[in-house]
Each structure stands twice: as C-alpha cells, then as structure tokens.
Trainee: 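One structure follows; several queries about it will come next.
Letters A, B, ... are given to chains in the order of the sequence lines, protein chains preceding strands, and every chain is numbered from 1.
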2 protein chains.
Amino acid sequence: MSDDHDHHAYAPSRIRALPSWLLGRAAARGHRLVADALAAEGMRMMHHAVLSAVAELGPVSQAELGRTLGIDPKDIVAIVNDLQKDGLVTRTPDPKDRRKNAIEISSAGEHRLRRTEKLGDEANERLTADLTPAEREQLIALLTRIALPR
Amino acid sequence: MSDDHDHHAYAPSRIRALPSWLLGRAAARGHRLVADALAAEGMRMMHHAVLSAVAELGPVSQAELGRTLGIDPKDIVAIVNDLQKDGLVTRTPDPKDRRKNAIEISSAGEHRLRRTEKLGDEANERLTADLTPAEREQLIALLTRIALPR
DNA sequence: CAAAACCGTTGGGGGCGCCAATGGTTTCTG
DNA sequence: CAGAAACCATTGGCGCCCCCAACGGTTTTG
C-alpha cells in the first residue's frame, strides 16, 4: 500500500534517478554531517583534510598537498595560513628548494587531528548508518572508480 | 631524484577512504560533466532540474517545487525567474489559492527539456562509464538510501 | 645562459546550500 | 467569527566549495 499519499511523496522525477543528482544530494548531506561534527573542534572539512594529509606525508610542499587532495593551490594557501595561525602546522622554507614551503604537523596538530578524525569517522558512520558494512565497502569502491581526478 | 618524480601516487590518506570525501569528489566531477553539457543549451543544472520537475508535476506551486527537489524557496524564485524570462515556463497566479503561483511548462520549455535531458543523460553515462550497468544500478540504489533529506 | 617549468601568493568569480524577515493569503481554533 | 497560526513568494545576506588567470621568485632543462 502506498503510505505516502498525503505527503507529496517525492515525485519520481527523472532527475532524482540521475547519478549526478544523487551524488550532489548525498555529498551535501555528508558535508553537513561532517562539517557540523568538526565544528565542535573549530575545524572545517578542508582544514581537517589538509591536516590529515600533512600528518601522513611528513614535511610536504603546499603544491603536493594540493595535488594529492585535488585542492586548488590558492585554497591551500588560505588553509595552511589558518592551520599555522592556530599552531597546528609549521611552515618552513625548504632549504633544498627555496620555492617550496615545508609543511609539518605540530604536536598540537597531532592532538587536534586525533579528535577530528574521531569526529569525522563518527559522522561518516551516521552518513552510512542505513548501509551494511558490505554495502558501505561497495559504495566506497564504486565512488573511488567514479571520483577520478580530472 | 627518481622518487620525487613519482606521479603523485595518491597517498592513501585516511581522508580519501571516507564516504563523505569520495562523495564530494564524485559530485564535483558529476556536476562538472553535466554543467558543461547543459551549457551547450545555455542551461544550468538547477534550471534543468526545475524545468524537469515542472514538466512532471503539471501546474505546480514554487513551494512544492522546492520541497520535491530539496531546493530553497529563495533559489526557486531566481530559477523560475530565469526560466520565465526565457519563455520556458509560465507563472500564473493560482485562482484557487492566491498565495501560490501556478508554474507550467511551455512548448518551448518542452522542446528545450528534450534536448537538455539528452545532454544530461549522456553526461551521466560519461560519469559512470567505468561501471557496468549492474554496478551503475547498485550505485544509484546505494546513493538513494544515503541521500535522504535532512 | 636563456627558456621552460614549477612554487607560493594574490585577486576574481560562479554555483550551491542555508537562514532571517516581510507582506499578503489561507486555514485552524478558541 | 475573529484572532492566531500556518503557508506562500520574495528580498537580502552569509559561508563553503571549486576553478581560472596572473605575477615574482626559483629551479630545471635544452
């Protein structure tokens, strides 16, 4: 039986079946959940992503951060500015290549990262709460093949 | 020197495995593909979506359009303005409820919609080109369960 | 050693999602 | 049946994400 006669029931518009539309809606919900969670630590999604990448890649240039995360160099500048201002990363001129900055995580950054990683993971669990672990893995696998750079 | 050149082997950042991150990247690519395709007809994604919804829902109020598509009423106003200016939809005061506008598609709108639907579908095929039809259906099913409103 | 490639930085811009407020209209309710 | 509450379209404003162009300084290449 149709339980939703009274409530417009989301007409099955052709739009709603398009991957591009669904991706946009799902991404919006994911961003909302994660952003709200990270806000508890005064962090934003991009800041958390960059901080995490810095932690993994050790001393790394801003250009490489942009490349590995697919973020515009211009935006990297602003993000690293913020992270540095909060003492979460250090920005040192690279003596080997004076064009580059060597970005490194600080101990305060590591502490902050531990908390934001937890918050981010929890938000992602909420995002995929309706999925079984297997389905979650499947979604990740499919998205990885679609989210190709370029 | 040889290691440094290695084409950004996409470090396995923890970030990159998060659904929320993958969704953002995949959505960005989808939007890029669709937007570029629709630009050939001078349309944008939201305009196409609204036009499609209007075609399906017959005479419909702006509030309901916003509800079924999950778009803010404020944005609906701007979009309907554009569509009306281009003669793709008509906006008539609803005699039954003078608060509402009855939005209806015009013949020019139907013609435009036929072309943009084709372009949008093609862009979505390009987006999911690396997936088998079965995988594509699976992705749509999974996304539908994740993209829940609110 | 000049040209090309790369780096960080600045400036600009489009698109999307969200919230607050307002005047007009309809519906609910006491 | 009158006042309150809910709804509608509209205006205005905010923040985040994604992308491009240009420039001075540095390194690599031919």
Trainee: Donor-acceptor pairs under 3.5 angstrom involving side-chain atoms of residues 128-136 of chain A: please list them, not counting sequence neighbours.
Mentor:
| residue | atom | partner | partner atom | Å |
| --- | --- | --- | --- | --- |
| Thr128(A) | OG1 | Asn124(A) | O | 2.9 |
| Thr128(A) | OG1 | Arg136(A) | NE | 3.0 |
| Thr132(A) | OG1 | Glu135(A) | N | 3.1 |
| Thr132(A) | OG1 | Glu135(A) | OE1 | 3.4 |
| Glu135(A) | OE1 | Thr132(A) | N | 2.9 |
| Glu135(A) | OE1 | Arg145(B) | NH2 | 3.0 |
| Glu135(A) | OE2 | Arg145(B) | NH1 | 3.0 |

Trainee: Restricting to side-chain hydrogen bond (donor to acceptor under 3.5 Å, both in side chains), what partner residues turn up for Arg126(B), sequence neighbours left out?
Mentor: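 For Arg126(B) there are no side-chain hydrogen bond (donor to acceptor under 3.5 Å, both in side chains) partners, ignoring immediate neighbours.
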Trainee: With respect to the side chain of Ala28(A), which nucleotide from dC16(D), dT11(D), dG17(C) is positioned closest?
Mentor: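 For Ala28(A), the side-chain atoms sit closest to dG17(C).
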Trainee: Please list, in numerical order, the residues of residues 41-49 of chain A that have a heavy atom closer than 4.0 Å to any atom of DNA chain D.
Mentor: Arg44(A), Met45(A), Met46(A)
Trainee: Give a yes/no on whether any side-chain N or O of Gln62(B) is located under 4.0 angstrom from OP1 or OP2 of dT10(D).
Mentor: yes
Trainee: Please confirm whether the shortest side-chain N or O distance from Arg91(A) to OP1 or OP2 of dT9(C) is below 4.0 Å.
Mentor: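 Yes, Arg91(A) has a side-chain N/O under 4.0 Å of OP1/OP2 on dT9(C).
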Trainee: Which residues in residues 94-102 of chain B have a heavy atom closer than 4.0 Å to any atom of DNA chain C?
Mentor: Asp97(B), Arg98(B), Arg99(B)
Trainee: Just compare dT10(C), dA9(D), dC19(D) and give me whichever is closest to any side-chain atom of Val77(A).
Mentor: dT10(C)
Trainee: Is there, by distance only and without an angle test, a donor paired with an acceptor across the side chain of Lys74(A) and the base of dG8(C) below 3.5 Å?
Mentor: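 Looking at the base of dG8(C), it does not pair with any donor or acceptor on the side chain of Lys74(A) (distance under 3.5 Å).
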Trainee: Within less than 4.0 Å of OP1 or OP2 of dG17(C), is there a side-chain N or O belonging to His31(A)?
Mentor: no
Trainee: Whole angstroms only, please: what is the CG-P distance between Leu23(A) and dC17(D)?
Mentor: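 These atoms are roughly 18 Å apart.
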Trainee: Tell me, do Asp75(A) and Met46(A) make a side-chain contact under 4.5 Å, heavy atoms counted?
Mentor: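 No - every pair of side-chain heavy atoms lies 4.5 Å or more apart.
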Trainee: Is Arg25(B) near enough to dC17(D) that one of its side-chain N or O atoms lies under 4.0 angstrom from OP1 or OP2?
Mentor: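 Result: no.
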Trainee: Using whole Å, report how far CD1 of Ile79(B) lies from P of dC16(C).
Mentor: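 Interatomic distance, CD1 of Ile79(B) to P of dC16(C): 8 Å.
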Trainee: Which donor-acceptor pairs under 3.5 Å do the side chains of residues 101-108 of chain A make with protein atoms, sequence neighbours left out?
Mentor:
| residue | atom | partner | partner atom | Å |
| --- | --- | --- | --- | --- |
| Asn101(A) | ND2 | Gln62(A) | OE1 | 3.1 |
| Ser106(A) | OG | Gly87(A) | O | 2.7 |
| Ser106(A) | OG | Leu88(A) | O | 3.1 |
| Ser106(A) | OG | Ala108(A) | N | 3.3 |
| Ser106(A) | OG | Gly109(A) | N | 3.0 |

Trainee: Arg67(A) side chain N/O closer than 4.0 Å to the phosphate oxygens (OP1, OP2) of dC6(C)?
Mentor: no
Trainee: What pairs with Glu110(A) under side-chain hydrogen bond (donor to acceptor under 3.5 Å, both in side chains), at least two apart in sequence or on another chain?
Mentor: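 Glu110(A) satisfies side-chain hydrogen bond (donor to acceptor under 3.5 Å, both in side chains) with no other residue.
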